Amino acid sequence: MNLSKFPRVSLAHLPTPLEPMERLSAALGGPRIYIKRDDCTGLASGGNKTRKLEFLMADALGQGADTVITQGAVQSNHVRQTLAAAARMNLDCKVLLENRVPDAVETYKSSGNVLLDGIFGADIRYRDSGTDMDTAMEEVASSVTEAGGKPYIIPGGGSNRIGALGYVDCACELTDQTSNLGLSVTRIITATGSAGTQAGLVAGLTALNSTIETIGISVGADEKTQIAKVHSLASATAKHIGFEDGVAESKIRVRDQYIGDGYGIPTDGMLEAVQLCAQVEGILLDPVYAGKAMAGLIAMIRSGELSADDTIVFIHTGGSAALFAYDWFFNEHISKLK
Ligand SMILES: *Cc1c(COP(=O)(O)O)cnc(C)c1O
């Protein structure tokens, strides 16, 4: 597949490594597990948004923008990576943070990603939970225009058909790596939120005629809502790369059992997953996305839904900077698992 007609800037360290998790596989007595290290994309402590921003920033520059505007939850990894990308591209960046996690302690609002946002010199405005963030971004864009600037809005999570190209590219990169290693992967597991990661992967794998199934572990929305969101973006992305038929809805697999009480709220499964990966593999996950996705993977192995015959690729989408904002939770519950 050829993505070279799409404008792109270079921000990420690519290809990211694909590594076996031999000790985790052994500890769980389950399938062969590989981890795609998209936490190692390199920009400002890495993560999945960097791949999307390579295409989004190129689009912003192509439109002559001088300011990018984006939004996220308070501990948004997307906002942190966007601020870093904007610094690199010499663009102004204005961000809106939504107080999406109720009853958050003080460190949640000042540590982790928020601390890093400040170091990037972020112009941050806070909004209450439930605010229509797209409208709020439009308002900021109008004020930039009135002041003589040229704004470019990047949607939450960088998830539109332009940003999702980053994960079409990841699908190509991953299938190259697995064929070089002689692996026949049966399933990919990834966290899914704003949907661009899963949608881009599915669009890319469809275009490559791959039979690998991608399972998204939802971090907030119920299964039906998330499937609709991923499906709509996967189809738009497939069309954008020339696949007029789009993607069948039956190709979109989502699990919503691992969310717990809501977005960003810790679960026992996440606690176990974060500690297990740290203690048997030396890998830090994050509490909001990859930790819950790994909790889903572990549960699917224990229930027999994934068997020893499977070969799994887990996408590590990054976010470990947010661990610092959950110190109150980990400090209370940390244990040595083995
Ligand atoms: C944003 C994010 C995700 C979710 O990816 P989407 O493309 O928004 O679905 C997963 N993991 C981390 C660490 C993220 O920051």
Side-chain angles (χ1 to χ4, degrees), residues 16 35-41 43-53 55-56 70-85 97-98 100 112-113 116-117 133 154-171 188-204 214-221 225-234 237 252-256 258-259 263-264 270 273-274 277 283-297 314-326:
T16 59
I35 185 165
K36 177 70 171 154
R37 298 296 303 271
D38 274 16
D39 58 320
C40 299
T41 51
L43 182 73
S45 86
N48 62 341
K49 305 311 180 304
T50 302
R51 286 187 189 269
K52 303 175 184 184
L53 287 163
F55 292 94
L56 291 161
T70 199
Q71 62 96 0
V74 172
Q75 282 297 331
S76 171
N77 302 298
H78 163 68
V79 164
R80 182 227 329 135
Q81 289 162 80
T82 303
L83 285 160
L97 297 182
E98 182 186 357
R100 225 180 279 170
N113 283 300
L116 302 183
D117 294 349
M133 296 299 278
I154 296 178
S159 286
N160 57 18
R161 62 182 195 166
I162 298 169
L165 292 173
Y167 274 86
V168 173
D169 188 54
C170 180
I188 294 172
I189 309 281
T190 181
T192 181
S194 69
T197 301
Q198 188 177 1
L201 287 171
V202 173
T214 305
I215 303 178
I217 308 294
S218 176
V219 298
T225 307
Q226 191 66 16
I227 286 178
K229 194 164 159 185
V230 176
H231 177 234
S232 139
L233 184 53
T237 306
I252 312 298
R253 300 283 157 82
V254 168
R255 300 283 189 283
D256 65 4
Y258 310 105
I259 300 167
Y263 174 84
M270 178 281 286
V274 168
C277 286
I283 290 176
L284 291 171
L285 301 178
D286 83 285
V288 180
Y289 297 95
K292 285 186 179 175
M294 180 58 79
L297 172 55
F314 178 81
I315 313 279
H316 188 342
T317 43
S320 62
L323 286 169
F324 298 100
Y326 285 78

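All ligand and atom numbering here is 1-based and tracks the order in the structure. A quick note: this is a predicted structure, and the numbers were derived from the prediction, not measured.
For the residue pair Ser159 and Ser194, the shortest heavy atom distance occurs at OG-OG, 2.7 Å. The minimum heavy-atom distance between Ser45 and Arg80, with the atom names listed, is OG-NH1, 3.4 Å.
From Phe314, atom CZ reaches atom CD1 of Ile189 across 8.5 Å, with rounding to the nearest 0.5 Å.
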Q: Show the numbers, then the answer: is there a side-chain contact (heavy atoms from CB on, under 4.5 Å) between Gln226 and Asp256?
A: CA-CA 9 Å; Gln226 191 66 16; Asp256 65 4; over 6 Å; no

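Side-chain contact check for Thr214 and Gln198: no donor-acceptor pair (N or O, by modelled atom type) lies under 3.5 Å.
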Note down each nitrogen or oxygen pair, ligand 1 side and protein side, whose separation is under 3.5 Å; give only atom names and the distance to 0.1 Å.
unit_1: ligand 1; atom_1: 5 (O); unit_2: Asn48; atom_2: ND2; d: 3.1
unit_1: ligand 1; atom_1: 5 (O); unit_2: Thr197; atom_2: OG1; d: 3.3
unit_1: ligand 1; atom_1: 7 (O); unit_2: Lys52; atom_2: NZ; d: 2.6
unit_1: ligand 1; atom_1: 7 (O); unit_2: Gly196; atom_2: N; d: 3.3
unit_1: ligand 1; atom_1: 7 (O); unit_2: Thr197; atom_2: N; d: 2.9
unit_1: ligand 1; atom_1: 7 (O); unit_2: Thr197; atom_2: OG1; d: 2.7
unit_1: ligand 1; atom_1: 8 (O); unit_2: Ser194; atom_2: N; d: 2.9
unit_1: ligand 1; atom_1: 8 (O); unit_2: Ser194; atom_2: OG; d: 2.5
unit_1: ligand 1; atom_1: 9 (O); unit_2: Gly193; atom_2: N; d: 2.7
unit_1: ligand 1; atom_1: 9 (O); unit_2: Ser194; atom_2: N; d: 3.3
unit_1: ligand 1; atom_1: 9 (O); unit_2: Ala195; atom_2: N; d: 2.9
unit_1: ligand 1; atom_1: 11 (N); unit_2: Thr317; atom_2: OG1; d: 2.6
unit_1: ligand 1; atom_1: 15 (O); unit_2: Lys49; atom_2: NZ; d: 2.9
unit_1: ligand 1; atom_1: 15 (O); unit_2: Asn77; atom_2: ND2; d: 2.9

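Heavy atoms of other residues, nucleotides or ligands lying less than 6.0 angstrom from OH of Tyr263 number more than 12.
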